[in-house]
Structures are given as C-alpha cells and as structure tokens.
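Here's the structure we're looking at; comments come further down.
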Amino acid sequence: SRQTPAFRAGLPTEKNAMPDDSAVLAAAAKGGDAAFRKGDAKVFFEWYQKVLLDHGAALLIEADAAIKQANVNVLAEKLALSVKVSGLHWHVMHPSRATEACAGYNSCTSDTAHAHKAVAA
C-alpha cells in the first residue's frame with residue numbers, strides 16, 4: 001500500500017540536524033538496537049523501502065512498454081538501461097545507520113549495509 005504508516009514520533013524536525021538529534025535516528029545504546037529497528041519506526045522505514053522498490057519496478061515496466069510501443073527490435077542482451085541509485089554521503093560512518101534508512105535501504109533487520117542489494121535484485 002502506498003498509504004504512509006501513521007508514524008511521526010521521533011522523526012527529525014530540523015533538516016540539518018545530526019542523527020543523534022532525532023530519537024528515531026540516534027545511535028543505539030551499547031548492546032541495544034537503534035530506534036528505527038523496532039516498533040512503529042521499523043514499520044515506517046520498511047514501508048518507505050517498499051514504496052521505493054515498487055516505484056523502480058513500475059519504471060522498468062513503463063520502459064518496457066515504451067520500447068514495445070516504439071516497435072524497437074533489440075535483443076535483450078544488447079539493451080542497457082541505467083538507473084540512479086541513492087548515494088550515501090550523509091553521516092555514512094554514524095553507528096545508527098541513519099543514512100541508509102533515509103535513503104530507503106532496509107537497515108532495520110540487518111547491520112551489514114548490504115540493504116542496497118534489494119535494488120539490484
């Protein structure tokens with residue numbers, strides 16, 4: 001569903017704030033989980049990732065339809081499509097993984113930073 005989960009608590013209110021200035025993005029206490037990895041925050045960030053992946057899939061479907069409509073006859077292995085994948089530049093070394101969460105990568109269930117692989121799958 002494209003309906004945004006009803007989640008607002010702890011989201012940043014200042015666009016230039018540091019991750020630790022926001023309850024949901026702050027680094028976890030030693031031995032604990034960051035706030036975005038549990039409860040409503042986890043639901044929100046998992047929803048956000050799904051919306052972005054669904055959008056990417058929809059774009060590929062539209063590209064396929066446009067190629068067919070243009071009656072372009074090209075072998076699939078000769079066709080190359082390019083996409084822009086979110087770059088991670090904001091506080092990439094912060095222990096909260098806020099950068100990945102805000103870019104739509106699912107860092108809620110893993111601390112491996114390989115969440116971007118879902119985009120390529």
Side-chain angles (χ1 to χ4, degrees):
S1 165
R2 296 186 77 70
Q3 182 67 32
T4 308
F7 167 70
R8 297 284 181 256
L11 286 177
T13 56
E14 169 58 47
K15 66 181 176 181
N16 294 317
M18 300 291 286
D20 287 327
D21 294 338
S22 168
V24 74
L25 298 175
K30 192 169 190 128
D33 278 335
F36 69 85
R37 288 196 172 145
K38 55 190 171 194
D40 290 341
K42 180 179 180 188
V43 170
F44 174 80
F45 284 113
E46 287 177 341
W47 166 85
Y48 181 53
Q49 181 202 28
K50 181 174 180 348
V51 167
L52 293 176
L53 289 174
D54 289 349
H55 175 68
L59 288 175
L60 290 174
I61 290 168
E62 289 297 320
D64 181 59
I67 291 167
K68 288 176 181 170
Q69 183 178 7
N71 202 22
V72 174
N73 190 10
V74 62
L75 296 172
E77 60 268 8
K78 298 289 183 183
L79 181 65
L81 296 175
S82 297
V83 298
K84 168 69 170 103
V85 177
S86 297
L88 304 178
H89 309 289
W90 174 78
H91 302 295
V92 294
M93 300 304 289
H94 194 270
S96 71
R97 314 304 290 226
T99 300
E100 291 93 333
C102 291
Y105 300 128
N106 182 358
S107 298
C108 296
T109 56
S110 173
D111 199 25
T112 63
H114 295 293
H116 63 280
K117 288 183 181 179
V119 174

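- When the side chain to side chain contact (heavy atoms under 4.5 Å, CB included) test is applied to Leu60, the partners found at least two apart in sequence or on another chain are Leu81.
- Summarising the hydrophobic clusters (Ile, Leu, Val, Met, Phe, Trp, Tyr; side-chain heavy atoms under 4.5 Å, direct or chained), the residues clustered with Ile67 are Val72, Val74, Leu79.
- Judged as a salt bridge (charged side-chain N to carboxylate O under 4.0 Å, His left out), the pairs with a partner in residues 65-81 (not counting sequence neighbours) are, in order, Asp64-Lys68.
- Residues passing the side chain to side chain contact (heavy atoms under 4.5 Å, CB included) test with Leu59, sequence neighbours excluded: His55.
- Annotation: salt bridge (charged side-chain N to carboxylate O under 4.0 Å, His left out) contacts involving residues 17-27, sequence neighbours excluded, are absent.
- The line from CG of Leu53 to OH of Tyr48 is 11.0 Å long, rounded to the nearest 0.5 Å.
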